[in-house]
Amino acid sequence: MRKLQKNQIISTIGLLEKAHDAIKKAMDAGNPDAALTLLEQCQDSAIQIGGMIEESEGEGFATVELLENYCELLYLTYESIRQQQPVNVGKTYKNLRRELIRIENSVKNDIPVRTSAVFLPYKASMWDSLESVWKAADADPDCDAYVVPIPYFDKNPDGSFSRMHYEGELYPEYVPIVSWEAFDLEKEHPDVIYIHNPYDECNHVTSVHPFFYARELRKFTDKLVYIPYFILPEINPDDQAAIDGMKHFCFTPGTIYANQVIVQSEDMRQIYINEYLKAAREMGLPGEHVDRKFLEKKFLGTGSPKIDKVLNTRKEELEIPAEWLQIIEKPDGSWKKVVFYNTTVSALLQNSEQMIRKMESVFETFKESKEEVALLWRPHPLIQATIESMRPQLWEAYTEIRDRYMEEGWGIYDDSTDLDRAVVISDAYYGDGSSVVRLCQEKGMPVMLQRVSILN
């Protein structure tokens, strides 16, 4: 039973106490019909409470037995009045009140306080930014944890919505999925909602369903928590030049509307607070938005679940596709060195055709070394949506090089939702700067960033 339901029960008991007063007044006023109606209503409420408790705590629970005694007393009183038998109004009132006090004490003391946590990921490949938090909530016997993947839309160049995507079937088998269409956030009103998408309508390439924008979600929970789906390179809080390159992450709908924001480190927390304050003041936002003491509580630097996921994943536990093993394994069964090649959205947007030439050069180089090195190419999952929306003229050239790489079959093309598998089986990182770099560094992997201007 969720905390809200328990409070509802206590609130209903308060209404029953008022009904008792009304029953006494009706009897004293010689109005038995009103008393009978009120007794029926009391019994209906008691039965409803009992059903809620049985559903949560099981049959035979102490509070349910007390409710049964209360209902029996209501029934006997009802029958006495209906049959016009003498009724000691004062004694009946005291007996009903005594039973109700026992029920209320049992509800407060015997029923555990449960909480509910709802996780609203949108891309399955970003689930690792929430997974360790979900696991902790799911393992808590007093918490009901729900994973509710939400749909998202690609955007046309003019900002309108185009295709809708839903990736609920792409999550790990051990994650129980609840349909977003079947889960009523308003009715459930969970204690906490977790999100990893901060952009809402501000993203030029994709958008989660507007119903799940952060400003809307605040209506359905006591606590909205935003955890970034990415990890940034660590920056000294005094290095303003480096901060200027990432400060746009600090002031988004997700950080504005969330009750709590969890970032990767204490240094990053200070950066978020400082940059949030600057942006809020520039926009003239009032109150808590420009209150440093409030923001010190709002932003936490307790770490990223993405790092938890990578460090807790073992190569021996992974299911590696057979077609990957054909590329990775040498004739003697040993493994080649696996290089994680990462291409990002921003690199393509900034360099366009030059980035295409760079990719061709990289593939040519690694193809020559395929007997000793296995290349694992994992492009950013939003590359297609981004290019189609913002660089549609580049899409043909990109798909040509992608399709040729896949057809030749000497390297691995990974467009799965499992980023952590790619990181764990790799021996080195090469490619664009991105949040994946930090994951690889945490794993102790050597990292080399590519320079688009250098070919071969």
Side-chain angles (χ1 to χ4, degrees), residues 1-118 140-146 182-192 220-223:
M1 179 181 303
R2 291 190 260 300
K3 183 177 181 180
L4 180 66
Q5 291 175 318
K6 181 172 178 177
N7 289 341
Q8 283 180 328
I9 291 174
I10 294 173
S11 177
T12 302
I13 290 173
L15 295 176
L16 289 174
E17 290 178 351
K18 293 180 180 179
H20 293 174
D21 293 337
I23 291 169
K24 185 175 184 299
K25 288 181 181 179
M27 291 300 296
D28 289 340
N31 189 354
D33 291 339
L36 291 173
T37 299
L38 289 166
L39 286 165
E40 287 180 351
Q41 293 173 352
C42 287
Q43 188 158 47
D44 289 342
S45 296
I47 292 172
Q48 184 179 8
I49 292 173
M52 293 169 64
I53 295 174
E54 279 192 341
E55 183 179 354
S56 173
E57 308 299 329
E59 296 182 4
F61 194 74
T63 310
V64 175
E65 294 183 4
L66 293 174
L67 283 163
E68 291 173 350
N69 295 337
Y70 173 70
C71 286
E72 178 67 18
L73 182 56
L74 289 171
Y75 173 76
L76 292 175
T77 304
Y78 181 92
E79 286 298 308
S80 295
I81 296 173
R82 187 181 68 84
Q83 297 176 18
Q84 300 180 354
Q85 296 176 357
V87 176
N88 187 325
V89 177
K91 183 177 180 182
T92 299
Y93 176 82
K94 289 181 180 180
N95 289 340
L96 287 172
R97 179 168 175 76
R98 182 178 64 249
E99 293 298 326
L100 209 55
I101 290 173
R102 289 175 178 172
I103 293 168
E104 184 173 13
N105 289 336
S106 179
V107 169
K108 291 179 178 179
N109 299 324
D110 298 334
I111 299 177
V113 175
R114 295 189 63 80
T115 58
S116 57
V118 174
D140 184 348
D142 294 325
C143 179
D144 299 313
Y146 303 95
F183 194 88
D184 190 334
L185 276 175
E186 183 176 8
K187 178 181 178 182
E188 297 293 336
H189 198 90
D191 296 279
V192 58
F220 307 129
T221 183
D222 302 324
K223 186 176 182 181

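Computation of the quantities below employed the complete heavy-atom set of this structure, encompassing side-chain atoms and omitting hydrogens, waters and symmetry-equivalent molecules.
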[atom1] of [X] to [atom2] of [Y]: how many Å apart, nearest 0.5 Å?
X	Y	atom1	atom2	value
Thr77	Ile23	OG1	CD1	8.0 Å
Glu186	Thr221	CD	OG1	13.0 Å
Asp144	Asp191	CG	CG	9.0 Å
Ser45	Tyr70	OG	OH	8.0 Å
Met52	Leu67	CE	CG	11.0 Å
Ile47	Glu68	CD1	CD	10.0 Å

**Request:** For Cys42 and His20, run side-chain contact (heavy atoms from CB on, under 4.5 Å): C-alpha distance rounded to whole Å, both residues' side-chain angles, the deciding distance at 0.1 Å, then the answer.
**Result:** CA-CA 9 Å; Cys42 287; His20 293 174; 4.3 Å; yes
On a heavy-atom basis, which atom in [X] and which in [Y] lie closest, and how many Å separate them?
X	Y	answer
Gly50	Val64	O-CG2, 4.1 Å
Pro32	Ile81	CB-CG2, 3.8 Å
Leu38	Ala19	CD1-O, 4.4 Å
Asp110	Ala62	OD2-CB, 4.2 Å
Met27	Val89	CB-CG2, 3.8 Å
Ala26	Ala34	CB-CB, 4.1 Å

**Message:** Other residues, nucleotides and ligands only: do more than 12 of their heavy atoms fall within 6.0 Å of CD on Gln83?
**Reply:**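 Correct, the count exceeds 12.
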**Message:** I'd like to know whether CD of Glu17 has more than 12 heavy-atom contacts from other residues, nucleotides or ligands below 6.0 angstrom.
**Reply:**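 Above 12, so yes.
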**Asked** Taking the six-membered ring for Trp, are Tyr146 and Phe183 parallel (under 30°), tilted (30 to 60°) or perpendicular (over 60°)?
**Response**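 Tilted: the ring planes of Tyr146 and Phe183 meet at 30° to 60°.
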**Prompt:** Listed by chain and number, what are the salt bridge (Lys or Arg N to Asp or Glu O under 4.0 Å) partners of Asp28, not counting sequence neighbours?
**Reply:**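 Applying salt bridge (Lys or Arg N to Asp or Glu O under 4.0 Å) to Asp28 gives Lys24.
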**Request:** Could you walk me through whether Thr63 and Ile103 pass the side-chain contact (heavy atoms from CB on, under 4.5 Å) test, one step at a time?
**Result:** CA-CA 6 Å; Thr63 310; Ile103 293 168; 4.2 Å; yes
Any side-chain heavy-atom pair of [X] and [Y] under 4.5 Å:
X	Y	result
Ile10	Val107	yes
Ile9	Ile53	yes
Tyr93	Asp21	yes

**Asked** When you look at Arg98 and Arg102, which way does the side-chain contact (heavy atoms from CB on, under 4.5 Å) test go after all the steps?
**Response** CA-CA 6 Å; Arg98 182 178 64 249; Arg102 289 175 178 172; 3.9 Å; yes
**Request:** Under the ring-ring contact (aromatic ring centres under 6.0 Å, His included) rule, collect the residues that match up with Phe220, sequence neighbours excluded.
**Result:**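 With sequence neighbours excluded, Phe220 shows a ring-ring contact (aromatic ring centres under 6.0 Å, His included) to Phe211, given in chain and number order.
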**Request:** In sequence, state the C-alpha distance, the side-chain angles, and the governing distance for Thr37 and Asp33, and then conclude on side-chain contact (heavy atoms from CB on, under 4.5 Å).
**Result:** CA-CA 6 Å; Thr37 299; Asp33 291 339; 5.6 Å; no
